[in-house]
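Sequence lines set the chain letters: A, B, ... in the order given, protein chains first and strands last, and positions in each chain run from 1. Excluded from the calculations below are hydrogen atoms, water molecules and symmetry mates; all remaining heavy atoms, backbone and side chain alike, are included. Computed from a prediction, not measured in an experiment: that's the story for all the values here.
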2 protein chains.
Amino acid sequence: MPRDTGGLARTVELLWGVSTSRGTRGPRPGLSVEAITRAALAIADAEGIGAVSMQRVAKDLDYTTMSLYNYVPSKDQLIELMIDAATPPPPVPDDGDDWRDGVERWVRATWDLYHAHRWVLKVPTVNVPIGPNQMAWFEALLHALSRGGLEGAEVMAIAQHILASTRGQAALSIDLTTEQDGTTAEFSEALRKLATPDRFPTLHGLLTAAEPGGFDAGAELYAGLRLGVRLLLDGVEGHVRPGA
Amino acid sequence: MPRDTGGLARTVELLWGVSTSRGTRGPRPGLSVEAITRAALAIADAEGIGAVSMQRVAKDLDYTTMSLYNYVPSKDQLIELMIDAATPPPPVPDDGDDWRDGVERWVRATWDLYHAHRWVLKVPTVNVPIGPNQMAWFEALLHALSRGGLEGAEVMAIAQHILASTRGQAALSIDLTTEQDGTTAEFSEALRKLATPDRFPTLHGLLTAAEPGGFDAGAELYAGLRLGVRLLLDGVEGHVRPGA
DNA sequence: AACGAAAAATGTATGTCATACAGAGTTTTA
DNA sequence: TAAAACTCTGTATGACATACATTTTTCGTT
């Protein structure tokens, strides 16, 4: 496989496994895109995305750094591959039950997925380039949602909305439960001190009303996400059946 | 100001402007946290966050790189400062009108803010540490939302939900309208090709149903965000007034 | 008035990183 | 059998954050 600085075409090739039709000359490749991706993924899962460097991946594979570039055109590309590799096929939809349950299950599964690979949401640009597995998850959401009776463009909009809020809440949950040592407690205490009633009356009220002891950020945020999704789906139902 | 590697206390000091009570000895400082932040912000706004390096900021200020560290304990800290500096005070709430309008105005203003500083949402951890201006915006949302009649913890949850979806949609919009040259069109075309009807029936249907020509990603995403927020607020109303 | 402490500013140095480039070795095709 | 195509290695470059030691400036104290 010739080296390539990797435009969009190459991205698509790699992510979507378009056969790379490698010429059969030259030494047989000792590595593969999959092996590299797997090694990098293992590092990220174990030590965070910050531990993933080309040198580190190569070392784990017992190759030189530069040999990776025979397979992967750049580190950014590798990260795209890692994200897609971290994403299993989405749960199969169960069209038997309520469509709302389908959406809520999707949200739960996505939440779990992001928590299983806590580095994914720390990657700066998870947005535009999308691999097959990512797309499959989005398709699953679209499918579940489309059973609710929304019109085409609305399905897309609401799906993006749900995806965005799931990501956002999950990112927050991951951040709050990742802080090393006691920084979370320390921070939440600082927050309480800074949210003075004069400048931040509403926030102050909410913070002091909440139980003062340690709170389970993860569970609380998930409950919030769930509530948000439910109310949103309520809105969807009202929108679709204006009478009822 | 003595150098400091910057724990949480220092972060809070810098972000919240707790007076640093500098001893009056030594040369008079030629720089200031504000000047450094301003210079860095200008670079980020003009050339993106990637162009912000300590060397670059120092050069723009005609100082050496290391002198910045007399004021700012680390680059990460500087970025926190930049984010807060990029955030103006939130629009004053207008309690005269419908509370829903207040929320929608907040969403619009936040959308505009992120688009005015397109680098902000590219910073990996915009999540947990919060400066005074960020907090003021969140307070504004809480305030607008609390007029809807939700119970305490619910206000917090829905506010986070709205913040998350606004951020997510804005991030997507920014990504799609930032791609250099014609990558957006190229990408959307590739997407259409990859979303085959066998594996991605729903997505395929939606993409082919949409008008095939160039579409205004920004406007479309904002419309989607708006719809999502509206339906969510519908849900909130139903939740608060179960009868009606 | 002089000295020393404190702080600002500089210069140099280190270690990490992505990646360019050249060359050496290997396999297949012409 | 020669050359083309490819893999792999080694070395090199340029960014970058930041540690550390040194110089310079200013002020409080004697």
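- Side-chain atoms of B:Thr24 lie closest to D:dC27 of the nucleotides D:dT7, D:dC27, C:dT29.
- Listed pair B:Gln55 / D:dA17 meets the phosphate criterion, a side-chain N or O lying under 4.0 Å from OP1 or OP2.
- Summarising the geometry of A:Gly218 relative to A:Trp111, their closest heavy-atom pair is O-CZ2, 3.7 Å, with the distance given to 0.1 Å.
- Regarding B:Leu68, its CG atom lies at a distance of 15 Å from the C1' atom of C:dG11, rounded to whole Å.
- Closest approach of B:Arg118 to B:His115, counting heavy atoms only: CG-O, 3.2 Å.
- Put simply, CE on A:Met54 is 12 Å from P on C:dC17, counting in whole angstrom units.
- Contact annotation: A:Thr65 side-chain N/O to D:dT9 OP1/OP2 distance is not under 4.0 Å.
- Separating the CG atom of A:Asn70 from the C1' atom of C:dT26 is a distance of 13 Å, rounded to the nearest angstrom.
- Residue A:Thr64 is classed as a base contact, given a heavy-atom separation below 4.0 Å to a base.
- Counting only heavy atoms from C-beta outward, the side chains of B:Gln169 and A:Gln160 approach each other to under 4.5 Å.
- The stretch residues 43-51 of chain A has no heavy atom under 4.0 angstrom from DNA chain D at all.
- When the P atom of C:dT16 is taken as reference, atom NZ of B:Lys75 falls 18 Å away, rounded to whole Å.
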Is there a salt bridge (charged side-chain N to carboxylate O under 4.0 Å, His left out) between A:Glu34 and A:Arg38? Walk through the geometry before answering. CA-CA 6 Å; A:Glu34 294 72 30; A:Arg38 210 163 28 227; over 6 Å; no
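- Both B:Pro27 and B:Asp62 sit near DNA chain C, but only B:Pro27 has its closest nucleotide nearer the 5' end.
- Nearest heavy atom pair, residue B:Lys122 against residue B:Ile174, reads NZ-CG2, 4.1 Å.
- Counting to the nearest Å, the P atom of C:dA13 and the OH atom of B:Tyr69 are 18 Å from each other.
- Residue B:Met66 contributes atom CE, which lies 15 Å from atom P of C:dT14 at whole-angstrom precision.
- A residue-by-residue look at B:Gly26 and A:Gly30 shows that A:Gly30 has its nearest nucleotide of DNA chain D further toward the 5' end.
- Side-chain N/O atoms of B:Tyr71 include none lying less than 4.0 angstrom from OP1 or OP2 on C:dA7.
- Residue A:Ile79 contributes atom CD1, which lies 13 Å from atom P of C:dC17 at whole-angstrom precision.
- Between B:Arg25 atom CZ and D:dT25 atom C1' the separation is 13 Å, expressed in whole Å.
- Side-chain contact check for B:Asp198 and B:Thr196: at least one donor-acceptor pair (N or O, by modelled atom type) lies under 3.5 Å.
- A:Ser67 has a side-chain polar atom (N or O) that falls below the 4.0 Å cut-off from OP1 or OP2 of D:dT9.
- B:Ser53 approaches B:Lys75 most closely through the heavy-atom pair CA-NZ, 4.3 Å.
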